[in-house]
Protein chains: 2
Amino acid sequence: MITLKDVAETIGCDVSTVSRVLNGKPNRVSEANRNRIHEVARQLGYIANRTASSLASGSTHTVGVLVSNVFDGVYAEYIEKLDLAFSEAGYSLRPFICHNRPDKEALALDALLHHEVDAMISMHYSRECEDVYVRIKQHSGKLIFRSVARIPEISFDHVLIDLEEGYRELSLHLARQGCRRIAVVGGSVASLLTLGGKSDSVQFFKDGIRAGGLAEDSSGGIVCADEQESAYQAVKKLYGKQKSPPFDGLIVQSINKVVGVCRALQNCGFAIPSDVKVATFSDLPLCRLFPVPLTVWAQPVQEICSALVETTLRRLKSPEMPPTVFKFKSSLIVRESSGKDIMEKKK
Amino acid sequence: MITLKDVAETIGCDVSTVSRVLNGKPNRVSEANRNRIHEVARQLGYIANRTASSLASGSTHTVGVLVSNVFDGVYAEYIEKLDLAFSEAGYSLRPFICHNRPDKEALALDALLHHEVDAMISMHYSRECEDVYVRIKQHSGKLIFRSVARIPEISFDHVLIDLEEGYRELSLHLARQGCRRIAVVGGSVASLLTLGGKSDSVQFFKDGIRAGGLAEDSSGGIVCADEQESAYQAVKKLYGKQKSPPFDGLIVQSINKVVGVCRALQNCGFAIPSDVKVATFSDLPLCRLFPVPLTVWAQPVQEICSALVETTLRRLKSPEMPPTVFKFKSSLIVRESSGKDIMEKKK
DNA sequence: GTGAAAGCGCTAACAG
DNA sequence: CTGTTAGCGCTTTCAC
């Protein structure tokens, strides 16, 4: 392996000079040496050892991003956009996938503690790992949340999205479109609605239900895991062999589940939007190109990513700065899945 | 920051002893010291600096995987499966996304050269980066290809999938299902069929066409970029305002494009499979749950991932071993999109 | 402008 | 069983 030392020795100068030149450090290196160094480095096939520079300089120039999976188009989109944005800023993005498992989540967060990355963006928070987050706060603080609500226990930078409000807007919208019974498919909201329990999202959902003129007991949850197949099974089980649909409005928590939901409805002989109206979160390309284009509560993903990158870079520069909080506004995009045509005819 | 040295000093022993204990090195450390070291390390909140261990030990315990994007479910699936498999083997997977850009591809490969990862799995090869691959061969050799054909110029480990044969099997299948004019949507095959030019895949495709009893000029290509939207536009442009479909059989190169293709056909008033039959590669969950379940040339992804992990670990262990080549067999799964019902009625 | 020197934090012989 | 001794390859002050 060719090292800085090798280059320095064949030239007869010091490693520090070579280092300066090869890293394009500001001023002061003679033209002559500069050229010679570049030339020799190339000839010898010198390749810097980044592990060594990271150790010496104390920075890896890498930012981690923690996601639950990468199969969901939403995360894929964030990762691709963040990757591009960070590489423009001279950093590289390193995705960590936790598969919804706290052990993997902790392992990913360890990368920050162990100095494998300079900072970490977390798009997945589970209570089980709270102690790790506390440790991070003590040791580094270079963690940025992209989440729905502020993690109150510890103070980190936050980039917030208004998914909670989405539950209100979507349930209200569906009610206005004529739905009489509205359910949430998947996620914690579905669980809480089914098993009982409260959360801000549930509250927002119920607000929408009421504002839409429906009784609270006209709503419910359909519990399923975070996969296309689970959603399919759950909906099929509930709707199979029914003459009329148990719920005529569905708010589906993620795009993967929409796929399962739509297929299940189709299998059970129910049409979208005439029998059942469907809406979801995140405006992926798939939402427009779906056989029945989907009504969505759409986040400004590009802006969110920019905010994440900015926040991260700022935090890296000024570690002691007090935590910042951004909150982004989503918007309702109405398409055929919730009866766009009906709406337009009314007008 | 608490270092090994701090732990050693508060105990009054040497850093090497602490290192041994904390890394669970085989034999020989007294029970007494062992416990004391663990305790003090915990109390002080010691966290190992992995950059430093990587430098000292010469290994990062990280394997990179280079993909063109992560939005395509196929890559997402590989990444998730590889991630799981590698973490069981004590390695962590680091995805690199090149967005089909040679500059980003080279940058990702640099990570291997610069010792940021111990090995790299490449699922994306572009000729433009050939020089980088040559460099890698000289300097490291720890590159494993998951590809369709062997990269002949340089000898690396290969895990091959039979996508080429897929073009033959799918075109033959569509012909047998009654298609008279068959086209390939997207990818290099579509380009070569349109602009002229040869490749093994094109040859296989034409073999299938002939074997299916069709004339060679009854086939064609529909060129588009690797996105849902591009495929949509390309097909819409070709099929719009036509009374009968220009091609009644479509082999679509990736799942994202299928989404665009199906939507375009629907928009143009053509039904699947009665007017146009569709088939694609890779059996993702989406293929079964699609409104019209998709006929696919299905790869054994789990086995492929196992082979990739095994190959990588073996290469890491024995760098001098001659390159190995695995080839996996796919299988045809017939579903409604190519007229499964029709087939069954015939029987 | 350039070199000398002191680390970054950890690992891994080797010697006792 | 444990300490000593060298590094790993690079960065970065500080003199000259």
Side-chain angles (χ1 to χ4, degrees), chain A residues 1-38 40-41 44-62 110-118 139-140, chain B residues 1-38 40-41 44-62 110-118 139-140:
Chain A
M1 172 187 260
I2 308 296
T3 69
L4 268 193
K5 201 175 155 203
D6 297 318
V7 178
E9 276 171 3
T10 71
I11 291 185
C13 70
D14 193 83
V15 288
S16 57
T17 310
V18 182
S19 171
R20 277 191 281 258
V21 171
L22 262 27
N23 288 317
K25 279 284 147 69
N27 44 358
R28 55 202 199 163
V29 170
S30 71
E31 191 69 9
N33 248 333
R34 155 166 275 113
N35 293 148
R36 182 132 178 66
I37 286 171
H38 275 124
V40 171
L44 259 47
Y46 168 74
I47 297 171
N49 182 322
R50 292 223 181 106
T51 305
S53 1
S54 294
L55 180 59
S57 71
S59 156
T60 60
H61 272 251
T62 297
D110 271 356
L112 178 56
L113 257 4
H114 289 281
H115 300 271
E116 291 185 76
V117 296
D118 292 350
H139 291 270
S140 125
Chain B
M1 173 187 258
I2 308 297
T3 70
L4 269 193
K5 202 174 155 203
D6 297 319
V7 178
E9 276 171 2
T10 71
I11 291 186
C13 69
D14 194 83
V15 287
S16 58
T17 310
V18 182
S19 171
R20 276 191 283 258
V21 170
L22 262 27
N23 289 316
K25 278 286 148 65
N27 43 359
R28 56 204 198 159
V29 169
S30 72
E31 192 69 6
N33 249 335
R34 156 166 275 112
N35 294 147
R36 181 133 179 65
I37 286 171
H38 274 123
V40 171
L44 260 47
Y46 169 73
I47 296 171
N49 182 322
R50 292 220 181 108
T51 305
S53 15
S54 294
L55 179 58
S57 71
S59 156
T60 61
H61 272 251
T62 298
D110 271 355
L112 178 55
L113 258 3
H114 289 282
H115 301 272
E116 291 185 77
V117 296
D118 292 350
H139 291 271
S140 127

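Below, chains carry the letters A, B, ... as their sequence lines are ordered, and counting in each starts from 1.
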Figure out the NE2/C1' separation between B:H115 and D:dC10, and round it to whole Å. 13 Å

Report yes if some heavy atom in the side chain of A:T62 is under 4.5 Å from a heavy atom in the side chain of A:E116; otherwise report no. no

Any A:T51 side-chain heavy atom under 4.5 Å of B:T51 side chain: yes

Can you tell me how far C1' of C:dG9 sits from CD1 of B:I47, to the nearest Å? 14 Å

Give the rounded distance in Å between these two atoms: CG of B:L55 and P of C:dC8. 13 Å

Phosphate-side-chain proximity, A:N23 and D:dT11, N/O vs OP1/OP2 below 4.0 Å: yes

When all nucleic acid strands are considered with a 4.0 Å heavy-atom cut-off, which category describes A:S16: base, sugar-phosphate, or nothing? base

State whether A:S19 places a side-chain N or O below 4.0 Å from either non-bridging phosphate oxygen (OP1 or OP2) of D:dC10. no

With respect to the side chain of B:R20, which nucleotide from C:dC10, C:dG3, D:dT2 is positioned closest? D:dT2

Considering every strand and a 4.0 Å limit on heavy-atom distances, what is the contact class for B:T3: base, sugar-phosphate, or nothing? sugar-phosphate

For B:V15, is there any backbone N or O sitting under 3.5 Å from a side-chain donor or acceptor partner on B:S19? no

In whole Å, what is the span from the CG atom of B:L22 to the C1' atom of C:dG9? 13 Å

Find the distance B:D6:CG to C:dG9:P and express it as a whole number of Å. 9 Å

Between atom NE2 in A:H61 and atom P in D:dT11, what is the gap in whole Å? 11 Å

Could you pick out which residue, B:D14 or B:A52, lies toward the 5' side of DNA chain D when each is mapped onto its nearest nucleotide? B:D14

Closest approach to the side chain of A:L4, judged atom by atom: which nucleotide of C:dT11, D:dT11, C:dG3 is it? D:dT11

Whole angstroms only, please: what is the CD1-C1' distance between B:I2 and C:dG9? 13 Å

In short, A:H115 meets A:T60 closest at the heavy-atom pair O-CG2, 3.5 Å

Measuring only between side-chain heavy atoms, which start at C-beta, is A:L22 closer than 4.5 Å to A:Y46? yes

Between P on D:dC10 and CD on B:E116, what's the gap in Å once rounded to a whole number? 13 Å

Of B:G12 and A:A56, whose closest DNA chain D nucleotide lies nearer the 5' terminus? B:G12

